[in-house]
K.L.:
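This is the structure I want to talk about, given as structure tokens.
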Amino acid sequence: MPTIASVLPEEADAMLRRALEAHGQRFTEQRAAVYRVLRGTCEHPTADEVFTAVRGEIADISLATVYKALETLVSCSLAVKLTYGDDSARYDARTDDHYHSRCLACGVVRDVAAEATEVPHFEVGGGFRVEGYRVEVVGYCPACAGA
Ligand SMILES: [Zn+2]
Ligand SMILES: [Zn+2]
């Protein structure tokens with residue numbers, strides 16, 4: 001089955017509608033526009049950045065509506081929310097397991113090319129059973145590193 005992020009826009013709308021309705025949520029033009037922005041970028045935007053992009057399509061949409069639409073997409077497993085212990089939550093339409101790199105200077109988040117398939121076998125102690133892990137690679141993006 002193709003992932004929703006890899007299909008044509010018209011199919012994506014139909015898949016979005018089905019996914020929303022399966023979770024008891026309505027398909028709305030605002031939600032569709034927010035989702036289009038999200039699946040059309042690999043920049044892992046913040047709610048503010050999505051808001052700025054969606055306003056090009058729906059001029060009178062509010063930040064609150066964008067925020068709620070993003071949370072709805074997350075609750076329907078159509079997006080992942082990435083949080084960093086501050087207010088800069090970012091959203092990702094790619095919901096398969098993958099790793100991120102984050103720039104310590106500008107905060108840009110990118111997907112890491114490496115496959116996230118192997119679960120390492122290590123003991124974390126305390127009787128904790130390891131089922132998976134999340135890796136965040138931190139450093140400096142080319143622009144910030146001056147490369
Ligand atoms: Zn940077
Ligand atoms: Zn990602």
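For ligands, and for the atoms within them, numbers begin at 1 and follow the listed sequence.
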K.L.:
Could you count the protein N, O or S atoms found under 2.8 Å away from the Zn ion (ligand 1)?
P.N.:
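Total protein N/O/S atoms under 2.8 Å from the Zn ion (ligand 1): 4.
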K.L.:
Using only heavy-atom distances, determine whether the side chains of Tyr91 and Glu71 contain a donor-acceptor pair under 3.5 Å.
P.N.:
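Checked: Tyr91/Glu71 side chains pair up, N/O donor to acceptor below 3.5 Å.
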K.L.:
Only one of Glu43, His100, His44 passes side chain to side chain donor-acceptor pair (under 3.5 Å) with Arg110; say which it is.
P.N.:
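Answer after filtering Glu43, His100, His44: Glu43.
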K.L.:
So, do Arg102 and Val108 sit near enough that their side-chain heavy atoms are less than 4.5 Å apart?
P.N.:
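Sidechains of Val108 and Arg102: no contact.
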K.L.:
Which hydrophobic side chains are connected to Val138, either touching it within the sub-4.5 Å cutoff or through other members that do?
P.N.:
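When side chains under 4.5 Å apart are linked, the cluster holding Val138 also contains Leu104, Tyr140.
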K.L.:
At a cut-off of 2.8 Å, what protein N/O/S atoms sit near the Zn ion (ligand 2)?
P.N.:
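Checking every protein N, O and S atom gives His44 NE2, Asp92 OD2, His98 NE2, His100 NE2, Asp111 OD1.
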K.L.:
Could you give the distance from CD (Gln25) to CG (Leu78), rounded to the nearest 0.5 Å?
P.N.:
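Nearest 0.5 Å value for the CD-CG distance: 10.0 Å.
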K.L.:
Any salt bridge linking Glu21 with Arg26? Criterion: basic side-chain nitrogen under 4.0 Å from a carboxylate oxygen.
P.N.:
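Salt bridge between Glu21 and Arg26, a charged N being under 4.0 Å from a carboxylate O: no.
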K.L.:
Does Arg36 come within less than 4.0 Å of Glu29, counting only side-chain N to carboxylate O?
P.N.:
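Counted as a salt bridge, because a side-chain N and a carboxylate O are separated by less than 4.0 Å.
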K.L.:
Ser62: which residues meet the side chain to side chain contact (heavy atoms under 4.5 Å, CB included) condition with it, sequence neighbours left out?
P.N.:
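Side chain to side chain contact (heavy atoms under 4.5 Å, CB included) list for Ser62, sorted by chain: Ala64, Thr65.
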K.L.:
Quick one: are Leu73 and Leu16 in side-chain contact, heavy atoms under 4.5 Å?
P.N.:
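Yes - at least one pair of side-chain heavy atoms lies under 4.5 Å apart.
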